[in-house]
Amino acid sequence: MTLDLPSNREEAWRWADIGGIAAAAVLAPIARPDASFLDLPGAKLLFVDGVLDDAASDLHRVRVGDLTPGTHALGKRATKGWSLHLDEQAVAHPVQVVHIATGGDNHVAAEIVLAADTSAQVVETFVGAGWSNRNTRITLGKAARLMRAVRMTQGGGFVSIRDEAELGEGASLVATTLAAGDQGVRIDAAITLAGEGGYAEYGGALLTRDRLKQECAVRVRHAEPNGQSHQLWRAVAADQSQASLAAAVEVARHAQKTDGEQSLRGLLLHRTATVNLKPELEIFADDVKCAHGATVGELDARALFYMESRGIPAPRAKALLTEAFVADALDRIADETVREAFAADADAWLESAL
Amino acid sequence: MLQIENLHAEIDGKEILKGLSLEVNAGEIHAIMGPNGAGKSTLGYVLGGRPGYEVTAGSITFNGEDLLEKEPHERAAAGVFLGFQYPVEIPGVSNVQFLRESLNAQRAQRGEKPLSGAEFLKLARAQADALGLQHDMLKRPVNVGFSGGEKKRNEMVQMGIIDPAFAILDETDSGLDIDALRIVGDGINRIMRRPDKAVLLITHYQRLLDYVQPDRVHVLADGRITRSGGPELALQLEREGYVGVGAEVAA
Ligand SMILES: Nc1ncnc2c1ncn2[C@@H]1O[C@H](COP(=O)(O)OP(=O)(O)OP(=O)(O)O)[C@@H](O)[C@H]1O
Ligand SMILES: [Mg+2]
């Protein structure tokens, strides 16, 4: 099979693990791993290699069928998937989607359209091995709110997601992604605050080890005034792995009073690992507040000794400090059940990596 | 309880401890005084096993065991507590979580059952009360944003919870206001003055020794113990200085 994939020579794909995607797409079949839903009410969708498992799913308001593919280099492969449309004033239970890969490649599209004043919560989980590729389009009407949490915990292969979101006036998107498996990752997003006073949080944590490469490439566009955006990313890299965070904020000329924040921080667990950070600001308005911080460091040796001197063994002390580092990102998840499940995944990863 | 013999230790290739010998028996409180840079904190760190502090000669025996053989967390489980001159801030880790992990890790190493969350909280609150530390400070990240005095009080709350057999308290009195000094002094007596425990109290001033009466006082200068005596030595030092008692660094 020959795959038509982007090239690292393109700036937007500079840190992408193209070879990792190609290798994941031809992974040999594995036995179907167990996967369970969190204890939440609402829709439960189970996709196995990109195909809905009807018997194991409960669609509620969600529909499954053909969707218009976009133009994104990876996302365009997804032509079928699920959609959630909420009309005005509707209240919906959460939507959980579990994606199981058992080798090879699979592609699923999704569409989330929330009308004015509606709100929804979507939680996605990736398990198994193979190349899992997703393309999600999000449209938020006036004052609509979407909370989205995605965890990537495949044992091998690659997970790539492309999110395109358009936020109406006063709409809010809070999206948190955790990569805590043994897969390569690309999180690719274009968020547009198309109405006045929109609010977007798009962030998460990448935990890499071995020779894996994980990255996020996110661009938030402020097209209208009074918007707020926060991109808070934490990357933890062990062994010879590479984690890359590229986050851009673009403020249009008349998007005055924009508040755009980027906080990109990397933690090297071993000196052989790599963290790349690229915060970008493109500001065409003159009355804006844009703060950005980008730092890479190691665990604080003084804090480690302090903890050890109180009786905590070194690996546990390192795990506690690393959990604290990652917590900033995961604390953005409002739902306690979801937040705790994500934190447990991060802890399990740390316990085994340290 | 603790025997230190001819201890030599260096940091980054620079020798700081140059043949230090000291013996502390159970039931005793020893004060160590000495000029800035003499090596007092270094002695504490070497006892705690801090990485980067290399012992090049000598021995440290604690309750009959070779302390230098042990990892830092094993020394803690063996009963050694180091009160830091500069307690470390740990953002993102709450005091409660840190201390519960610490205590239960020590208990596990000693083959004891872990304390439940409720049992631990009861113990932590009682110790915080005894040292006048607000309960909400237990929930805050370890030492983050604590004032200098609050950090030192927090060290003593930790000591109360951990209940060690041997404590090295490095300038626990510095940064404390007058009332806090008395509270901390009472705390040291309450937690540590027992026939089966001992304390090494590193301090620059007599004032803490007014509350915590030492059995022995030593002067540490230029990496060695240069003078030892009873409680009166501290008073003499306060009056006459290190030069006055002939315990200054030899030229
Ligand atoms: N990394 C290092 N490299 C070289 N010298 C060091 C290093 N760390 C500490 N020292 C030196 O070791 C010596 C002993 O320091 P130490 O902190 O033990 O002194 P102290 O007796 O506790 O002093 P104080 O009363 O000021 O607290 C000092 O001269 C200090 O500068
Ligand atoms: Mg000192």
Side-chain angles (χ1 to χ4, degrees), chain A residues 176 178 203-205 207 232-236 263 265-267 269-271 293 295-333 336 339-340 342-344 346-347 349-351 354, chain B residues 44-53 70-110 112 114 141-144 151 154-155 157-159 161-164 167-168 170:
Chain A
T176 308
L178 168 68
L207 313 180
L232 189 151
W233 288 95
R234 299 290 176 258
V236 178
S263 165
R265 289 177 60 196
L267 178 64
L269 293 181
H270 303 111
R271 295 214 166 143
T295 56
V296 181
E298 296 177 271
L299 288 173
D300 179 358
R302 291 175 322 129
L304 273 180
F305 174 62
Y306 191 58
M307 298 174 100
E308 289 180 64
S309 80
R310 295 292 180 259
I312 303 175
R316 181 68 193 143
K318 286 181 185 170
L320 282 172
L321 290 181
T322 314
E323 273 167 36
F325 176 81
V326 169
D328 285 353
L330 300 186
D331 283 349
R332 308 310 307 161
I333 302 173
E336 194 178 337
R339 187 174 63 244
E340 283 177 1
F342 277 51
D347 290 357
W349 186 94
L350 293 170
E351 290 287 338
L354 287 163
Chain B
Y45 289 142
V46 170
L47 287 166
R50 183 172 178 168
Y53 288 71
K70 293 181 189 289
E71 297 287 322
H73 70 278
E74 297 168 335
R75 299 181 193 200
V80 176
F81 178 90
L82 181 57
F84 282 62
Q85 181 174 359
Y86 304 107
V88 182
E89 299 188 1
I90 313 180
V93 178
S94 77
N95 244 330
V96 166
Q97 185 190 14
F98 170 58
L99 284 166
R100 192 172 161 214
E101 289 265 355
S102 300
L103 182 62
N104 283 339
Q106 290 198 24
R107 292 175 67 92
Q109 289 178 70
R110 294 193 293 257
E112 298 162 12
V142 180
N143 292 323
V144 177
K151 285 180 182 170
N154 195 27
E155 290 290 286
V157 171
Q158 295 183 22
M159 185 170 80
I161 290 168
I162 288 171
D163 193 23
I168 305 128
D170 192 355

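Here the structure is a predicted model, which means the values were calculated and not measured. Here is the naming used below: chain letters follow the sequence lines, and residue numbers restart at 1 for every chain.
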(message) With a 4.5 angstrom heavy-atom cut-off, is it the side chain or the backbone of B:Pro141 that approaches chain A, or both, or neither?
(response) neither

(request) Identify which part of B:Leu82 has an atom lying under 4.5 Å from any heavy atom of chain A, answering side chain, backbone, both or neither. (result) both

(request) Could you check which of B:Ser102, B:Ala105, B:Pro164, B:Pro87 has the highest count of heavy-atom pairs closer than 4.5 Å to chain A? (result) B:Ser102

(message) Can you tell me which portion of B:Gln158 sits under 4.5 Å from chain A's heavy atoms? Options are side chain, backbone, both or neither.
(response) side chain

(message) Quick check for you: among A:Asp300, A:Asp331, A:Leu320, which has the greatest number of heavy-atom pairs under 4.5 Å with chain B?
(response) A:Leu320

(message) Nearest 0.5 Å, please: how far is NE2 in B:His73 from CZ in A:Arg310?
(response) 15.0 Å

All N/O donor-acceptor pairs, side-chain side in residues 45-53 of chain B, below 3.5 Å, sequence neighbours left out:
unit_1  : atom_1 : unit_2  : atom_2 : d
B:Tyr45 : OH     : B:Arg50 : NH1    : 3.4

(request) In plain terms, say whether A:Glu308 and B:Arg75 are close enough for a salt bridge, that is, a side-chain N and a carboxylate O under 4.0 Å apart. (result) no

(message) Which atoms of B:Asn143 are under 4.5 Å from chain A, going by heavy atoms: the side chain, the backbone, both sets, or neither?
(response) side chain

(request) Please identify each residue that fulfils ring-ring contact (aromatic ring centres under 6.0 Å, His included) with A:Phe325, with sequence neighbours left out. (result) none

(message) Using side chain to side chain donor-acceptor pair (under 3.5 Å), reason through A:Thr176 and A:Arg339 one step at a time and then give a plain yes or no.
(response) CA-CA 10 Å; A:Thr176 308; A:Arg339 187 174 63 244; over 6 Å; no

(request) Pick whichever of A:Ala317, A:Ala324, A:Pro313 has the most heavy-atom pairs under 4.5 Å with chain B. (result) A:Pro313

(request) Would you check if the side chain of B:Glu101 reaches a backbone N or O of A:Met307 as a donor-acceptor pair within less than 3.5 Å? (result) no

(message) Quick check on A:Ala327 against chain B: is it the side chain, the backbone, both or neither that has a heavy atom closer than 4.5 Å?
(response) neither

